Amino acid sequence: MSRAGFDVLVVCTANVSRSPLAAALLRHRLDERFGARASRVRVSSAGTRALAGQGVDPVTAQVLQEVTGSPPEGFAARQLEEALVHEADLVLTMTRRHRAAVVDVLPTAQRRTFTLPELARIAAALPRGGGGRADADPAAGWRALLAAAPAMRGPTAPADPAADDVPDVHRHPVAEHRSTARHLAAAVEDVLEAVAAPARPAAQRSASNGSASVAVSGWYPYP
């Protein structure tokens, strides 16, 4: 774990589609929202059954280019290992099965391992007051969110547990990648709202998954 900064590890299965997509979206929005201070947060990814050494799925890469304006460069999939989990301050997974796999690798990581939709829902439910500071430290914001999140698992649990999962889109059509990218982008916005801790009205709830509906239209290109 990082003492001064904050390390986020994103986990899926092959580490060529969902987790690099989510990690890249998170990195992109951290940089946009926090500028130079975003360097205090490191974002990486791994897979429970990684296609080790392979690059990002070509369709995922296309969608990343469309959304962020930058193609993924220098990426190589890697296998989830105990050392990676140990070093991470927070592990974000794509499904409940991945979350269980992380805890199997390192049981002490249970309190700091969430699916991304799960943490987004928790982040939206946490009470926050006061305006977001222009000089906010994102590493401190992440630590505050992680300190509060475990106790909110039960109170914010969805009626359908599958709402905490992000479906696999590896080798699926580009339309499915774009839909998943939008789902991930909305989750990232919910989490970063809590990290930045701005004041805002009570979140509007989605009837489909119980998560907050945070607008991403300002930067996200798909309707």
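The figures here come from the full heavy-atom set of this structure, side chains too, leaving out hydrogens, waters and symmetry mates. All figures in this text were calculated on a predicted structure; none of them were measured in a lab.
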Practice problem: Determine, stepwise, if the pair Val59 / His172 fulfils side chain to side chain contact (heavy atoms under 4.5 Å, CB included). | Solution: CA-CA 8 Å; Val59 181; His172 286 217; over 6 Å; no

Just distance, no hydrogens or angles: give the donor-acceptor pairs under 3.5 Å from side chains in residues 44-55, sequence neighbours left out.
unit_1	atom_1	unit_2	atom_2	d
Ser44	OG	Arg78	NH2	3.0
Ser45	OG	Asn15	ND2	2.9

Practice problem: Determine, step by step, whether Asp104 and Val102 satisfy the side chain to side chain contact (heavy atoms under 4.5 Å, CB included) criterion, reporting the C-alpha distance in whole Å, the side-chain angles of both residues, the deciding distance to 0.1 Å, and the verdict. | Solution: CA-CA 5 Å; Asp104 282 346; Val102 169; over 6 Å; no

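- The two residues Asp31 and Ala38 have their closest heavy-atom pair at OD1-CB, 3.4 Å.
- Looking at Arg97 and Thr13, their side chains never come closer than 4.5 Å, going by heavy atoms from C-beta outward.
- Between Ala14 and Ala77, the shortest heavy-atom distance links the atoms O-CB, 3.8 Å.
- Contact annotation: the side chain of Leu106 approaches that of Arg112 to within less than 4.5 Å [non-hydrogen atoms, C-beta and beyond].
- Taken to the nearest 0.5 Å, the CZ atom of Arg40 stands 14.0 Å off from the CH2 atom of Trp142.
- Summarising the local packing, CZ of Arg111 is surrounded by 12 or fewer heavy atoms from other residues, nucleotides or ligands at distances under 6.0 Å.
- The main-chain N or O of His177 is never found under 3.5 Å from a side-chain atom of Thr180 such that the two would form a donor-acceptor pair.
- Looking only at side-chain heavy atoms (C-beta outward), Val91 and Phe114 stay at 4.5 Å or farther from each other.
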Review item, side-chain donor-acceptor pairs of residues 162-169, under 3.5 Å, at least two apart:
unit_1	atom_1	unit_2	atom_2	d
Asp164	OD1	Arg121	NH1	2.6
Asp164	OD1	Arg121	NH2	3.0
Asp164	OD2	Arg121	NH2	3.3
Asp165	OD1	Arg96	N	2.8
Asp165	OD1	Arg96	NE	3.1
Asp165	OD2	Arg96	NE	3.2
Asp165	OD2	Arg96	NH2	2.7
Asp168	OD1	His170	N	3.0

Practice problem: Check step by step if side chain to side chain contact (heavy atoms under 4.5 Å, CB included) holds for Thr95 and Arg99. | Solution: CA-CA 6 Å; Thr95 68; Arg99 184 181 62 195; over 6 Å; no

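- Residues Ala125 and Thr156 share a closest heavy-atom pair of CB-CG2, 3.7 Å.
- Remark: side-chain polar atoms of Arg42 are not paired, donor with acceptor, to backbone N or O of Leu9 under 3.5 angstrom.
- Atom CD of Gln62 sits about 10.0 Å away from atom CG of Asp57, to the nearest 0.5 Å.
- A donor atom on one side chain and an acceptor atom on the other are found under 3.5 Å apart for Thr60 and Ser17.
- Ion pairing of Glu189 with Arg33 is present here, as a side-chain N (NZ or NE/NH1/NH2) and a carboxylate O approach within less than 4.0 Å.
- One distance of note links CG of Leu146 with CG of Asp89; it measures 7.5 Å at 0.5 Å rounding.
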Quiz item: When you look at Thr115 and His98, which way does the side chain to side chain donor-acceptor pair (under 3.5 Å) test go after all the steps?
Solution: CA-CA 8 Å; Thr115 76; His98 298 134; over 6 Å; no

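- Follow the hydrophobic side-chain contacts under 4.5 Å out from Leu26 and you never reach Val16; the two are in separate clusters.
- Contact of the Val105 side chain with the Leu80 side chain is registered, since non-hydrogen atoms from C-beta on lie closer than 4.5 Å.
- Closest non-hydrogen pair, Ala159 versus Pro161, comes out as O-CD, 3.5 Å.
- Atoms OG1 and CD, from Thr113 and Glu118 in turn, are 9.5 Å apart once rounded to the nearest 0.5 Å.
- Distance check, rounded to the nearest 0.5 Å: CG of Leu92 to CG of Leu116 gives 5.5 Å.
- Closest approach of Val41 to Arg27, counting heavy atoms only: O-NH1, 2.6 Å.
- In terms of heavy atoms, Leu64 sits closest to Pro20 at CD1-O, 4.3 Å.
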Practice problem: List the steps and the verdict of side chain to side chain contact (heavy atoms under 4.5 Å, CB included) for Val195 and Phe34. | Solution: CA-CA 10 Å; Val195 169; Phe34 295 98; 3.9 Å; yes

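- Linking ILVMFWY side-chain heavy atoms closer than 4.5 Å, directly or via other members, places Met152 and Leu90 in a single hydrophobic cluster.
- If you chain together ILVMFWY residues whose side-chain heavy atoms come under 4.5 Å of each other, Phe75 ends up grouped with Val56.
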